[in-house]
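Chain identifiers are assigned alphabetically (A, B, ...) following the order of the sequence lines, protein sequences preceding nucleic acid strands; residue numbering begins at 1 within each chain.
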Protein chains: 4
Amino acid sequence: MTELDRSGTDGNAGGMTSRTAPKLDHLLGIAAGLMARRGFGRTSIRDVANETGISLGGLYYYFKNKEDLLFLIQERTFGALLELQEAALAEGGDAETRLRRLVRNHLRYFLDHFNELKVCTYELESLEGERYEAIAELRRWYYHRLAEIVAEVWGVPGDRLESDGRVRHATLFVFGMLNWIFTWYDADRDKPVDRLGDEMIALVMDGLRAGPPPERTESS
Amino acid sequence: MTELDRSGTDGNAGGMTSRTAPKLDHLLGIAAGLMARRGFGRTSIRDVANETGISLGGLYYYFKNKEDLLFLIQERTFGALLELQEAALAEGGDAETRLRRLVRNHLRYFLDHFNELKVCTYELESLEGERYEAIAELRRWYYHRLAEIVAEVWGVPGDRLESDGRVRHATLFVFGMLNWIFTWYDADRDKPVDRLGDEMIALVMDGLRAGPPPERTESS
Amino acid sequence: MTELDRSGTDGNAGGMTSRTAPKLDHLLGIAAGLMARRGFGRTSIRDVANETGISLGGLYYYFKNKEDLLFLIQERTFGALLELQEAALAEGGDAETRLRRLVRNHLRYFLDHFNELKVCTYELESLEGERYEAIAELRRWYYHRLAEIVAEVWGVPGDRLESDGRVRHATLFVFGMLNWIFTWYDADRDKPVDRLGDEMIALVMDGLRAGPPPERTESS
Amino acid sequence: MTELDRSGTDGNAGGMTSRTAPKLDHLLGIAAGLMARRGFGRTSIRDVANETGISLGGLYYYFKNKEDLLFLIQERTFGALLELQEAALAEGGDAETRLRRLVRNHLRYFLDHFNELKVCTYELESLEGERYEAIAELRRWYYHRLAEIVAEVWGVPGDRLESDGRVRHATLFVFGMLNWIFTWYDADRDKPVDRLGDEMIALVMDGLRAGPPPERTESS
DNA sequence: TATGAATGAGGATTCATTCAT
DNA sequence: GATGAATGAATCCTCATTCAT
């Protein structure tokens with residue numbers, strides 16, 4: 001599955017008019033900020049009301065649920081990132097080039113949408129049912145794109161890609177590096193972000209180029 | 001600072017006797033399981049009571065707070081891991097050997113204490129004040145041990161270790177790989193764990209051996 | 001300090017509208033009744049909910065705290081009494097006249113707002129911090145007005161008023177008479193209340209007119 | 001009723017031996033201190049346990065109830081005071097002499113047993129049933145002794161004493177002065193206590209000597 | 001006598017959500 | 001579109017009390 005399909009799973013309450021849409025954007029930004037800082041569970045709708053200046057009851061015009069609010073944030077943010085990445089992949093180039101491009105894009109997006117992306121990264125489990133599934137699907141898409149690149153570097157054929165634990169692991173290691181950044185990134189200390197991406201690629205690229213490790217290991 | 005100091009920040013209900021100690025262990029295990037699955041915030045003390053069979057009020061004999069319960073889990077689990085790692089480092093060997101030992105130990109511990117370690121990894125922010133600080137200190141200790149190894153591989157002198165962003169980043173990338181595993185590890189699919197560790201080392205070791213990337217990057 | 005300043009210490013849920021204000025009055029009346037009968041500590045919010053017919057959660061729309069509820073009662077009741085007394089003092093007259101006026105006003109107010117005033121009198125210590133201080137300030141104001149009258153009768157100059165133990169004691173004796181009434185007053189037996197006031201004045205006025213007792217006493 | 005009858009209403013758990021009696025004294029003193037400071041309701045048995053060093057369970061050897069603990073304090077303290085006063089009255093003398101003696105005794109006792117007597121004065125309502133009745137009876141006895149003196153000064157015959165509101169009121173006014181002292185007494189500022197008693201007598205004695213006020217008053 | 005361990009009831013408070021206006 | 005007012009369920013925690021040892 002390569003096509004990205006994003007359409008409201010559940011319908012956010014009523015059609016936004018051109019007058020309400022910017023208000024919604026503002027709202028989602030504030031909510032993302034709160035949830036990034038304190039987590040979804042510890043963020044109350046009342047917090048969002050206070051921070052946005054919208055009344056408690058009024059908020060429910062914009063989303064039908066606390067969970068729906070979270071979904072809206074994740075869907076928009078992650079969706080936009082993936083569109084970006086899809087375009088980046090479409091530009092072509094060899095595997096290393098594409099990998100570097102992916103990582104840099106990710107990190108630039110991370111910088112511009114820190115709160116929102118943090119929420120995407122750490123609050124998937126706060127969604128349930130259809131909403132969970134919709135975001136999980138996006139995540140899988142992202143995973144597969146990276147896995148394909150790893151497989152290409154290692155010359156693992158597409159049909160063995162799914163079953164090859166080593167590809168899986170290497171891919172997830174890279175996502176681990178990428179996702180953990182939210183816990184330590186300090187704008188003053190760790191900029192510029194492109195440099196960070198290059199360091200990550202440098203750390204990993206030689207290992208990738210060397211090919212996958214042997215299937216079996218005896219232990220020390 | 002190499003000595004690990006772990007002593008109750010706040011004093012949970014006095015010295016456990018030999019009769020209550022195993023009960024406490026059991027309790028903490030159950031609580032860790034719940035918190036690993038649903039998160040700290042979504043785990044209620046009532047859940048713990050139901051799952052353990054201890055009465056709601058009775059639990060408060062073992063800890064003074066929900067937060068204290070979390071602290072107890074983190075302190076014990078993380079403390080024990082760090083003791084293990086401290087011993088592992090004391091065994092000596094070159095940087096790569098020590099790094100591989102650290103990673104393997106971590107992953108074995110991860111396997112044996114999945115729930116508890118997941119709680120340590122993802123719920124630090126649920127602690128506050130002194131309790132937060134006590135665990136954060138443990139984390140810093142762990143970070144520094146790994147950073148020292150990276151610095152040694154790269155020949156960065158000890159006094160520049162703190163200020164060198166590249167050492168910092170490489171170290172945190174490795175922790176990212178390690179910590180993200182909780183989100184995807186599947187016992188059936190991803191064992192054995194030593195193999196996982198070797199793959200991680202393989203992915204990263206060449207990059208490390210190549211030395212740090214240049215300080216500045218230009219580029220698109 | 002003669003100006004009375006009473007403004008919410010902490011902001012109970014915003015500005016009451018004309019629709020909610022009477023409900024709040026009713027609520028505070030009920031709560032005062034319960035607290036007068038059973039004390040603040042033994043009055044539960046649930047009691048208030050049951051007695052008012054408002055739901056447990058709904059009550060928190062009107063105050064943010066159990067303590068805030070108590071504060072609201074005290075601030076309103078005591079504040080209104082002191083406004084009354086301030087006006088009474090402004091009417092002028094000699095010291096005895098003003099004293100009699102004060103006592104009568106107090107007792108009439110006592111009769112009309114028995115529960116509320118009892119709560120003011122006996123539950124100051126149930127407040128803390130800013131709220132305590134706000135009410136304590138009102139109490140001090142009241143004390144000083146009475147002390148001034150005593151001092152005037154005795155010809156103690158204003159600047160010695162603070163330091164003169166005899167003025168202090170006589171004033172507090174009168175407050176003692178006044179405040180203890182809550183423990184024994186029986187509407188059937190002890191009315192009319194103006195008569196009670198006159199008896200109190202009669203008991204004390206001759207002693208006051210005789211001037212302060214000598215500074216030092218040898219004992220029996 | 002002149003005879004004082006004090007015998008445990010309820011039996012404090014088990015007969016105290018000579019070894020446990022002093023421990024009980026200590027315990028009651030501590031408990032009285034806590035209850036004087038924070039009130040009966042806000043004092044927990046756990047507080048008493050912590051403050052005394054006796055274990056929570058162990059306390060129940062000394063009393064069977066939290067209420068029983070309060071009762072023990074009140075019975076002992078108030079009982080001893082009344083014995084003192086009974087003896088003081090037995091010494092004879094005219095009404096003024098006896099009144100002054102009563103007041104001085106009361107205040108000296110107040111000074112030596114501040115906590116305990118405060119608890120007697122303010123926590124009668126925390127007792128129920130038989131225990132309440134037993135202490136209320138002591139209080140009535142005390143009230144009557146003072147009322148008799150007032151009646152004697154005013155020449156009110158003993159058989160009209162009960163029905164005469166003016167005697168009742170004057171008596172209760174004096175108790176009000178006496179009982180309110182707990183709320184303001186400051187050892188540094190307000191000593192010596194005999195002097196305080198003399199001031200109280202001086203404030204009131206002229207009014208008493210002048211005879212009761214006329215039965216009816218027109219108002220304002 | 002005294003303690004550690006445990007219970008169950010009740011208390012204050014928060015919170016997502018709803019609905020009439 | 002938006003608000004004020006209200007609800008009911010759930011949550012954390014405290015506390016008097018008990019009982020085996």
Between dA2(E) (C1') and Leu59(D) (CG): distance, integer Å: 10 Å

Compute the centroid of each ring, for Phe71(B) and then for Tyr132(B), and state whether the two points are separated by less than 6.0 Å. no

Which nucleotide sits closest to the side chain of Arg46(D): dC15(F), dT18(F), dT7(F)? dC15(F)

Tyr60(B) has an atom OH; how far is it from atom C1' of dG8(E), in whole Å? 14 Å

Whole angstrom value for the distance that separates P of dT13(E) from CG of Asp47(C): 14 Å

Looking only at side-chain atoms of Ser55(C), point me to the closest of dG4(E), dT7(F), dT17(E). dT7(F)

Interatomic distance, Arg38(D) CZ vs dT14(F) C1' [rounded to whole Å]: 13 Å

Just to be sure I understand the rule, does Leu56(A) reach a base, reach only the sugar-phosphate, or reach nothing, if contact means heavy atoms closer than 4.0 Å? base

Separation of dT14(F) C1' from Lys66(D) NZ (nearest whole Å): 11 Å

DNA chain E: Gly57(B) or Arg42(C), which has the more 5' nearest nucleotide? Gly57(B)

Whole angstrom is fine here: how far is it from CZ in Phe63(C) over to P in dA6(F)? 12 Å

Pair Ser126(D)-Arg42(C), side-chain donor/acceptor within less than 3.5 Å: yes

dA9(F) -> Watson-Crick or G-U wobble partner, both distances under 3.5 Å, gives dT14(E)

If you check the Ser44(D) side chain, which of dT7(F), dA16(F), dT13(E) turns out closest? dA16(F)

Checking N1-N3 plus N6-O4 or O6-N4 for Watson-Crick, or N1-O2 and O6-N3 for wobble, each under 3.5 Å, the partner of dA20(E) is dT3(F)

Could you check which of dA6(F), dA2(F), dA2(E) has an atom nearest any side-chain atom of Tyr62(A)? dA2(F)

Once rounded to the nearest 0.5 Å, what's the spacing between atom CD of Glu125(D) and atom CZ of Phe40(D)? 12.5 Å

dA6(F), dT3(F), dT17(F): which one has an atom nearest the side-chain heavy atoms of Ile45(D)? dT17(F)

To the nearest angstrom, the CD1-P distance between Ile54(D) and dG4(E) comes to 13 Å

Using the six-membered ring of Tyr60(B), assess whether NZ or CZ of Lys66(B) lies under 6.0 Å from its centre and within 45 degrees of the ring axis. no

Side-chain contact check for Asn65(C): nearest option of dT13(E), dT7(F), dG1(F) is dT13(E)

For the CG atom of Leu28(A) and the CG atom of Leu69(A), what is their distance to the nearest 0.5 Å? 6.5 Å

Provide, to the nearest angstrom, the distance between the CD atom belonging to Glu67(A) and the C1' atom belonging to dT17(E). 14 Å

Specify the residue among Gly41(C) and Gly58(B) whose closest nucleotide of DNA chain E lies further upstream toward the 5′ end. Gly58(B)

Is there a side-chain contact between Lys23(A) and the phosphate of dA2(F), meaning an N or O under 4.0 Å from OP1 or OP2? yes

